[in-house]
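All values below come from the heavy atoms of this structure, side chains included, with hydrogens, waters and symmetry mates left out. Because the structure is predicted, anything quoted here is derived from the model rather than measured.
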Amino acid sequence: MLLLVVGLAVFIATRDDIGEAQYKTLYDKAIGDDAKEIIIHAVGREDVVLQNNNDSWEVIRPNQFKADPAKVRHLFTLLSENAESNYPIAGKNLADYGLDKENLSVSFNGIKYIFGNLNTVTEQRFIRKGDTLYLIQETVSGLLLAGEESFKPDSKNMPTAEMLPEESAK
């Protein structure tokens, strides 16, 4: 009986909280506390470069203008998305996930996130960061696909994307 009580005490003391999922995000410590540069790449478009100048974001390429702060904040939501499902890419056929080519990506301070296919069953997108494949619910791919226009202060549209450029060509 004593063994059972000791075993139960050890189990309770060392267990993770049962029923509470570990919340993991796409944030990478290498980005740091202050992002200074964001680069958006969408196939068929010129790369969009945003730069943080004294806490004010500006699009500096392909044209230069002050970026809409709400749209920039929306872009940063990607880093806080729940990334509980993640897998090493070793041994995986990246084409199965739409990650064999870089059709859409965003980099925060040089940390790149490559967007793949949308899993139509779970409504989650495959994203590659380094050597890891993530499956997340995201809302920024439409903003990325719209290019620099989506960051203009007078732009009313915040597009959403069901498919990436290569998917829509199929």
Side-chain angles (χ1 to χ4, degrees), residues 14-52 57 59 61-62 67 70-151 157-170:
T14 61
R15 72 183 174 102
D16 287 331
D17 286 330
I18 296 173
E20 288 185 30
Q22 294 281 338
Y23 191 80
K24 299 175 187 167
T25 67
L26 289 179
Y27 175 75
D28 190 306
K29 289 179 184 177
I31 294 171
D33 293 333
D34 294 318
K36 297 293 183 197
E37 182 179 71
I38 300 170
I39 301 173
I40 300 166
H41 170 78
V43 71
R45 291 186 173 266
E46 191 171 345
D47 286 357
V48 176
V49 179
L50 290 97
Q51 192 170 63
N52 186 346
W57 284 92
V59 173
R61 200 171 65 214
K71 306 254 177 88
V72 175
R73 279 192 305 274
H74 180 69
L75 184 57
F76 275 98
T77 65
L78 177 67
L79 300 178
S80 63
E81 294 293 341
N82 187 358
E84 189 174 321
S85 297
N86 62 80
Y87 316 93
I89 62 169
K92 297 209 179 333
N93 181 359
L94 294 179
D96 292 343
Y97 307 98
L99 293 166
D100 55 327
K101 298 176 187 158
E102 187 180 332
N103 292 314
L104 182 65
S105 68
V106 61
S107 299
F108 298 89
N109 286 354
I111 305 301
K112 185 180 286 189
Y113 300 85
I114 302 171
F115 289 65
N117 295 339
L118 182 69
N119 181 321
T120 55
V121 174
T122 64
E123 296 294 318
Q124 294 179 311
R125 184 154 320 269
F126 292 104
I127 293 186
R128 178 181 176 186
K129 181 180 84 166
D131 293 334
T132 305
L133 170 71
Y134 296 89
L135 189 59
I136 67 159
Q137 192 76 38
E138 60 83 20
T139 61
V140 300
S141 55
L143 183 66
L144 300 176
L145 287 168
E148 72 173 316
E149 290 296 316
S150 61
F151 293 97
N157 65 332
M158 182 122 63
T160 58
E162 293 301 314
M163 296 183 289
L164 297 181
E166 188 171 276
E167 291 177 282
S168 60
K170 290 181 183 175

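- Counting all heavy atoms, side chain and backbone alike, K129 lies closest to Y113 at CD-CE2, 3.2 Å.
- A 4.5 Å side-chain heavy-atom check between I38 and V106 finds at least one atom pair inside the cut-off.
- Judged purely by atom type and a 3.5 angstrom limit, N109 uses its side chain to pair as donor or acceptor with the backbone of K36.
- The closest donor-acceptor contact from the side chain of N52 to the backbone of A35 lies under 3.5 Å.
- Using a 4.5 Å heavy-atom threshold, the side chains of H74 and V140 count as touching.
- Inter-residue side-chain proximity for D96 and F126 is flagged as unmet; no heavy-atom pair is nearer than 4.5 Å.
- Within a 6.0 Å sphere centred on CG of D131, other residues, nucleotides and ligands contribute 12 heavy atoms or fewer.
- Annotation for Y134 and A83: closest pair CD2-CB, 3.7 Å, computed over non-hydrogen atoms.
- Here the closest non-hydrogen pair linking F151 and G147 is CD1-O, 3.8 Å.
- The side-chain heavy atoms of I40 and L75, taken from C-beta on, include a pair separated by under 4.5 Å.
- Between I127 atom CD1 and E81 atom CD the span is 8.0 Å, to the nearest 0.5 Å.
- One distance of note links CG of N119 with CG of L135; it measures 5.5 Å at 0.5 Å rounding.
- In this structure, CZ in R45 is found 8.5 Å from CD in E148, a value given to the nearest 0.5 Å.
- No donor-acceptor pair under 3.5 Å is formed between the side chain of Y97 and the backbone N or O of F115.
- Side-chain atoms of E102 do not come within 3.5 Å of backbone N or O of I114 as any donor-acceptor pair.
- Of all heavy-atom pairs between A30 and D28, the closest is N-OD1, 2.8 Å.
- For the atom pair I136 CD1 and E84 CD, the distance stands at 13.0 Å (nearest 0.5 Å).
- Remark: S107 OG to L50 CG distance equals 12.0 Å, nearest 0.5 Å.
- A side chain to side chain contact (heavy atoms under 4.5 Å, CB included) with L133 holds for exactly one of I89, N86, L94; it is I89.
- Expressed to the nearest 0.5 Å, how far CG of D100 lies from CZ of R128 amounts to 10.5 Å.
- Aromatic ring pairs are classed by plane angle as parallel below 30°, tilted from 30° to 60° and perpendicular above 60°; the pair F76 and F108 is tilted.
- Considering all non-hydrogen atoms of both residues, H41 and D47 come closest at ND1-OD1, 2.8 Å.
- In this structure a side-chain-to-backbone donor-acceptor pair under 3.5 Å is present from K71 to S150.
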